[in-house]
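Below is one structure; the comments refer to it alone.
Computation of the quantities below employed the complete heavy-atom set of this structure, encompassing side-chain atoms and omitting hydrogens, waters and symmetry-equivalent molecules.
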Amino acid sequence: MKKYGFSWKRFFGITKVKSSISRKIGIPLTKAGRQRKIGSMVTGGGCVVYFFVPAVVVGIWLLF
């Protein structure tokens, strides 16, 4: 059995673009990543506003 498979997304660079966008905006693009980030902020004493302010800024930026 092969350990690694071929990925068209990695071949065309989609994975790299998504990860760079995610690093720049500070919000994970995957559902599991967003849930993990929110969970760590809530249980780690972080403020939920820390998540929503960047999300609103990015949302406004994407509209223009």
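Listed by first and then second residue, the ring pair (Phe, Tyr, Trp, His ring centres under 6.0 Å) pairs involving residues 9-38 are Phe6-Phe11, Trp8-Phe11, Trp8-Phe12 (not counting sequence neighbours).
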Would you be so kind as to tabulate the donor-acceptor pairs closer than 3.5 Å made by side chains of residues 24-32, with sequence neighbours excluded?
| unit_1 | atom_1 | unit_2 | atom_2 | d |
| --- | --- | --- | --- | --- |
| Thr30 | OG1 | Gly33 | N | 3.1 |

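Among residues two or more places apart in sequence or in another chain, the side chain to side chain contact (heavy atoms under 4.5 Å, CB included) test is passed with Lys16 by none. By the side chain to side chain contact (heavy atoms under 4.5 Å, CB included) test, Ser19 is found to be paired with Arg23, residues two or more places apart in sequence or in another chain being considered.
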